[in-house]
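Computed over heavy atoms, backbone and side chain alike; hydrogens, waters and symmetry mates excluded. Just so you know, ligand 1 is whichever comes first in the structure, and atom 1 is the first atom listed for that ligand. Predicted, not measured: the structure shown is a model, and the values here were computed from it.
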Amino acid sequence: MIGIISAMDSEMKELVRLLTDKKKKMHAGLDYYTGKLNGVEVVICRCGVGKVNAAMHTQILIDLYKPKALIQNGIAGSLSPDVGAFDLVIGSELVYHDMQDFVIKNFEPLEPVYYSDEKLLNKAIEVAGDEGGVHVGRIATGDSFVSSSKEKQDIFKRTKALCTEMEGCAVAHTAYLNKVPFVVIRCISDSADDNASVDFGEFQNVASDCLVDMITHLVKKI
Ligand code: ADE
């Protein structure tokens with residue numbers, strides 16, 4: 001069984017549509033779909049937006065479905081000038097951009113960086129191919145929709161992450177504590193700048209759908 005966790009309906013609805021032998025169950029108020037994606041047993045959960053929802057549903061998914069691997073997919077706002085609209089970002093490492101270094105260093109269980117599983121990462125890179133627009137690197141997670149150039153620059157300066165979103169590191173954190181291999185894969189919907197809200201509204205569905213092919217192929221390789 002492979003677990004797939006997305007925050008929003010737009011990020012998982014096409015994957016759910018592709019499921020065969022589809023079944024639905026509710027846990028903590030949200031729907032979990034099981035079935036076969038490209039012939040592979042998966043469970044797909046729409047965890048909701050933000051770190052608490054992501055961590056909570058990652059734990060539920062791990063406890064109830066015992067996945068051998070977790071894929072966290074969705075859209076993101078670019079932080080780096082090298083990362084453009086609809087580019088793919090495969091997160092080799094995940095950090096929180098809204099937790100103080102002092103807290104991370106002095107309290108447990110917290111890590112400064114959560115690393116995606118190397119084997120999963122390499123499989124994701126292989127599936128993504130080398131046609132351009134694919135980046136491998138750091139993703140920064142926090143509980144805010146970043147929609148100002150000032151905030152974007154501040155996060156980029158502090159984290160040097162390629163993009164920002166609101167769940168990846170919380171999933172990574174939970175998976176790490178449970179010793180479940182994970183990888184985070186995101187497609188860029190906006191530039192996390194003053195235009196972000198408009199771009200997000202316009203491009204979230206297209207950006208989400210950019211990942212469907214890749215995830216469908218990836219599950220077959222895990
Ligand atoms: N997900 C997609 N775009 C985002 C942004 N600008 N900030 C946070 N999460 C996002």
- Could you find the nearest protein heavy atom to atom 3 (N) of ligand 1 and give me its residue, atom name and distance? D190 OD2, 2.6 Å
- Query: Ion pair present between E14 and R17, side-chain N to carboxylate O less than 4.0 angstrom?
  - Reply: yes
- Item | SB check D154 K150 (cutoff 4.0 Å) | no
- Query: Does A76 come within less than 4.0 angstrom of ligand 1, counting non-hydrogen atoms of the residue?
  - Reply: yes
- Item | Approximate separation, where rounding is to 0.5 Å, of L120 CG and K221 NZ | 13.0 Å
- Query: Which protein non-hydrogen atom lies closest to atom 9 (N) of ligand 1, naming both residue and atom, and how far is it?
  - Reply: E165 CA, 3.4 Å
- Is the shortest distance from a heavy atom of S144 to ligand 1 less than 4.0 Å? yes
- Identify the closest protein heavy atom to atom 10 (C) of ligand 1: which residue and atom is it, and at what distance? T164 O, 3.8 Å
- Note on the structure: Taking only non-hydrogen atoms of I75 and a 4.0 Å limit, the atoms of ligand 1 in range are 1 (N), 2 (C)
- Message: So F107 and M99, do their side chains get closer than 4.5 Å, heavy atoms only?
- Response: no
- Message: What protein heavy atom lies closest to atom 7 (N) of ligand 1? Include the residue and the distance to one decimal.
- Response: V146 N, 2.9 Å
- Note on the structure: In ligand 1, the atoms that come under 4.0 Å of a heavy atom of A192 are 6 (N)
- Polar-atom distance check: G77 versus ligand 1, any N or O pair below 3.5 Å? yes
- Item | Side chains of L61 and L70 in contact at under 4.5 Å (non-hydrogen atoms) | yes
- Would you mind running through ligand 1 and noting each atom that sits below 4.0 Å from a heavy atom of S189? 2 (C), 3 (N)
- Heavy-atom check, side chain of E165 versus side chain of V184, under 4.5 Å: yes
- Query: How about F145 and F200: are their ring centres within less than 6.0 Å of each other?
  - Reply: yes
